[in-house]
There are 2 protein chains.
Amino acid sequence: MPTKRQAMILAEIVRIYNETGQPVGSKTLMNQLPIHVSSATIRNEMAVLEDDGLITKNHTSSGRVPSTAGYRYYLDNLVQPTAVPQPVFDKIAQNFNHDYREIDEIVKQAATILSSLTNYTAISLGPENAQVTLTGFRVIPLGSDQIIAILATSAGTVESRVYRITGQLDTDDLEKAVRIINDQLVGLPINQVKTKLVTEIPRLLSQYLHSATGFLDLFGDVLKRAAAQHYYIGGRSNLLNFAQPDELDQLKSIYQLLDKENVLPSLLDLDQTASTDEIKQPPMTDHRILGPISVRLGDEFNNSLLSDYGLITAKYHVGQHGDGMIAILGPTSMPYSQLIGLMQLFSDELVKKLFEYYGYFHTDDS
Amino acid sequence: MPTKRQAMILAEIVRIYNETGQPVGSKTLMNQLPIHVSSATIRNEMAVLEDDGLITKNHTSSGRVPSTAGYRYYLDNLVQPTAVPQPVFDKIAQNFNHDYREIDEIVKQAATILSSLTNYTAISLGPENAQVTLTGFRVIPLGSDQIIAILATSAGTVESRVYRITGQLDTDDLEKAVRIINDQLVGLPINQVKTKLVTEIPRLLSQYLHSATGFLDLFGDVLKRAAAQHYYIGGRSNLLNFAQPDELDQLKSIYQLLDKENVLPSLLDLDQTASTDEIKQPPMTDHRILGPISVRLGDEFNNSLLSDYGLITAKYHVGQHGDGMIAILGPTSMPYSQLIGLMQLFSDELVKKLFEYYGYFHTDDS
DNA sequence: TGTTAGCACTCATAACAATCAAGTGCTAAA
DNA sequence: TTTAGCACTTGATTGTTATGAGTGCTAACA
């Protein structure tokens with residue numbers, strides 16, 4: 001446990017290292033610290049901090065750099081969120097000042113704004129709710145051999161997709177099947193819909209239809225799309241801002257990681273399995289700081305590729321419409337105090353915008 | 001104009017430089033060339049090639065590297081497409097061996113395969129046809145204040161989107177408007193639909209509806225989406241394979257260029273204006289080689305960012321369904337002979353796959 | 001006239017030593 | 001407990017030298 005003065009020095013090292021990007025020496029600290037002690041005293045304190053594993057040096061005679069453990073301690077105990085400057089606030093308000101027709105537009109825009117404000121890579125996850133129910137399913141024939149399937153949920157999302165009918169299903173059968181789906185499944189949470197889809201529904205359908213498999217595939221497909229987590233990544237190219245030129249290979253792997261579908265939710269501990277199954281093991285080191293915002297650093301990921309990266313996540317809550325998340329991916333060394341302040345404000349603004357959207361229509365009946 | 005032997009030397013320089021990435025010296029050439037001349041002779045020939053601007057050297061005593069003009073000459077006169085090896089062919093066939101439900105799936109998959117085969121960034125543009133006509137438009141109410149608008153074209157694409165009705169339009173008016181659209185516009189090419197939409201249609205609608213603007217916006221929006229060029233970029237991260245570590249800034253700009261919507265078609269000289277307006281100026285240096293494949297190099301782009309890049313494009317033709325394009329973006333120095341051979345084969349396979357898709361349904365009525 | 005051997009020259013690159021500056025650890029005194 | 005002082009370490013910078021790949025040119029040759 002560092003003393004108060006040691007903690008102050010640690011915080012100052014974090015601050016200066018973040019500003020300059022250079023290791024911090026005892027002299028620099030002496031000039032910057034509010035207390036007046038000599039550089040030798042600071043050196044002694046730094047030796048203790050280093051013994052505690054909170055700071056390291058690149059070589060025997062270099063300044064000190066916060067270690068991952070040092071950042072961890074800083075984030076858990078020392079960081080103070082900074083107020084967001086007015087121009088930034090204005091920029092957020094301005095960029096969010098559109099009428100959105102889809103939730104996904106808002107979510108996507110959130111990632112874009114957040115990345116452009118921070119110059120890091122931003123990730124946004126739309127609001128999700130385990131209580132989302134199926135509110136309707138329709139199939140409309142288009143021409144002779146195509147149909148469009150439309151599925152609506154209580155979250156206000158509508159998923160539509162075109163399918164080609166290969167002749168196994170005629171129009172009467174389709175209508176019957178759709179009626180069965182609506183009678184049996186509307187009003188149920190998506191999870192229950194999924195389970196019923198493999199238990200009761202096939203039996204029911206086969207009583208009325210010749211061949212139900214084609215239809216089940218189709219419905220299952222639209223359902224999967226409607227229930228899929230929607231996330232967006234903004235400012236991918238910002239990873240290049242702080243990448244080490246000699247680590248291009250690693251960078252490439254990270255890009256591929258980001259592009260790989262559905263890897264992200266697992267990275268964020270929002271693994272899909274959590275919604276259907278019990279949570280098998282507690283999430284990894286989940287150091288809570290300042291309400292819904294948490295930070296994951298380097299070795300706390302279960303992916304060694306990210307050992308030099310940090311991820312700031314903020315969960316947000318949109319009333320009965322569920323929870324979502326926004327995140328910033330950057331180097332381990334980020335201006336956390338500013339970013340955490342920004343994330344607090346930004347998630348509030350996002351929630352407002354989402355409520356505004358949901359406010360237009362009634363989620364209960366529809 | 002280089003002599004035959006000079007051309008042979010140029011081709012060999014291109015080949016060796018591509019394999020090794022190193023400047024090519026006279027001795028190396030002496031050993032590799034099929035003709036038996038001394039290195040001094042080759043030096044003399046190289047001096048001529050350098051005077052012609054076809055090769056350059058990094059410093060006074062280094063080997064030679066093809067200049068952009070050298071590549072240009074090579075591509076226009078010397079390159080010989082290589083046959084695609086069987087394993088590569090198998091991989092294409094294997095990766096294309098799915099049933100696709102949408103054209104866009106095929107187009108996207110094409111970019112993915114092409115990038116993974118070449119380790120460069122691949123771009124695919126779906127088939128487009130100026131003769132595509134509107135085949136139908138529908139509006140289906142969902143609940144009390146949402147509708148889904150569905151627009152189908154003769155190209156087989158179906159565009160659907162959800163809109164929120166703000167109360168200006170009641171159901172009767174909507175039905176009327178949809179009927180007018182179908183009566184007046186179905187069967188017309190998209191371009192004509194667009195022009196009529198701002199000329200006759202508003203008058204017609206206003207005769208029957210109280211306020212037509214909301215509906216017109218809606219229809220115009222879906223139409224725009226349906227008529228938009230669909231392209232996909234695969235293997236973005238491959239740009240990192242050959243990027244110079246000291247040019248990360250440039251790389252970042254290129255990533256942003258790729259992410260910027262609709263910049264790509266203009267890059268490919270398929271600017272959208274070309275389809276509606278007359279082509280105002282002839283496309284830039286469009287050196288045709290080997291049928292529908294052409295290559296654009298460095299300074300031939302109207303973007304200085306790409307001065308070190310090359311773009312191999314192949315136009316493909318899917319019968320009456322229109323033309324599309326696939327492209328590979330890589331460094332100026334690429335194994336052109338192999339890549340051109342690959343592009344020829346690959347675009348054929350893509351066309352096959354697209355015909356297979358279109359074959360399922362009849363484009364004339366539907 | 002085209003080709004070749006030979007040679008001086010150029011330049012990038014690597015290896016090596018010398019120097020410098022930043023910063024540390026430790027000791028002894030206050 | 002704090003501080004001044006000092007020896008020591010290390011990375012970065014600079015200058016020097018050697019090496020090697022490759023060129024351009026000249027003169028001899030077919």
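All chains are named by letter (A, B, ...) in the order of the sequence lines, taking the proteins before the strands, and each is independently numbered beginning at 1. Heavy-atom basis, side chains included; hydrogens, waters and symmetry copies ignored.
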- Nearest 0.5 Å, what's the OH-CD1 distance between A:Tyr336 and A:Ile328? 10.5 Å

- Message: Using OP1 and OP2 only, check whether a side-chain N or O of B:Arg5 sits under 4.0 Å from C:dG2.
- Response: no

- Sort out for me which residue in A:Asp249, A:Asp259, A:Leu239 forms a side-chain contact (heavy atoms from CB on, under 4.5 Å) with A:Ile254. A:Leu239

- Message: Measuring from atom OG1 of A:Thr3 to atom CE of A:Met8, what distance do you get when rounded to the nearest 0.5 angstrom?
- Response: 9.5 Å

- Using a 4.0 Å heavy-atom cut-off across all strands, classify A:Lys27 as base, sugar-phosphate, or nothing. nothing

- Item | Positive for side-chain contact (heavy atoms from CB on, under 4.5 Å) with B:Ser347, one of B:Ile326, B:Leu114, B:Leu342 | B:Ile326

- Item | Atom-pair distance (CD1 on A:Ile9; C1' on D:dT2), nearest Å | 13 Å

- Item | B:Ile16 CD1 to B:Leu29 CG distance, which is reported to the nearest 0.5 Å | 5.0 Å

- If we ignore angles and hydrogens, is there a donor and acceptor under 3.5 Å between the side chains of B:Ser304 and B:Ser307? no

- Item | Length of the line joining B:Leu29:CG and D:dA21:P, which is rounded to integer Å | 16 Å

- Between A:Ile35 (CD1) and D:dT1 (P), how many Å, whole number? 15 Å

- Message: From CE of B:Met30 over to P of C:dG6, roughly how many Å is that when rounded to an integer?
- Response: 13 Å

- Query: Roughly how far, to the nearest 0.5 Å, is the CD1 atom of A:Ile293 from the CE atom of A:Met325?
  - Reply: 10.5 Å

- Message: Could you tell me how far apart A:Lys57 (NZ) and D:dC8 (C1') are, to the nearest whole angstrom?
- Response: 12 Å

- Task: Respond yes when some side-chain nitrogen or oxygen of A:Ser26 is under 4.0 Å from OP1 or OP2 of C:dT24, and no when none is.
- Result: yes

- Note on the structure: Per-nt protein contacts along nucleotides 9-18 of chain C (heavy atom under 4.0 Å; B base, S backbone sugar-phosphate only, - none) come out as -BBS------

- A:Gln6 CD to D:dT2 P, straight-line distance once rounded to whole Å: 11 Å

- Item | Residues in contact with DNA chain C, drawn from residues 38-54 of chain A - heavy-atom cutoff 4.0 Å | A:Arg43, A:Met46, A:Glu50

- Message: As an exercise, state the distance from CD1 of B:Ile42 to CZ of B:Arg64, rounded to the nearest 0.5 Å.
- Response: 11.5 Å

- Message: A:Thr313 vs A:Ser294, test: side chain to side chain donor-acceptor pair (under 3.5 Å). Steps then yes/no.
- Response: CA-CA 5 Å; A:Thr313 57; A:Ser294 72; 3.2 Å; yes

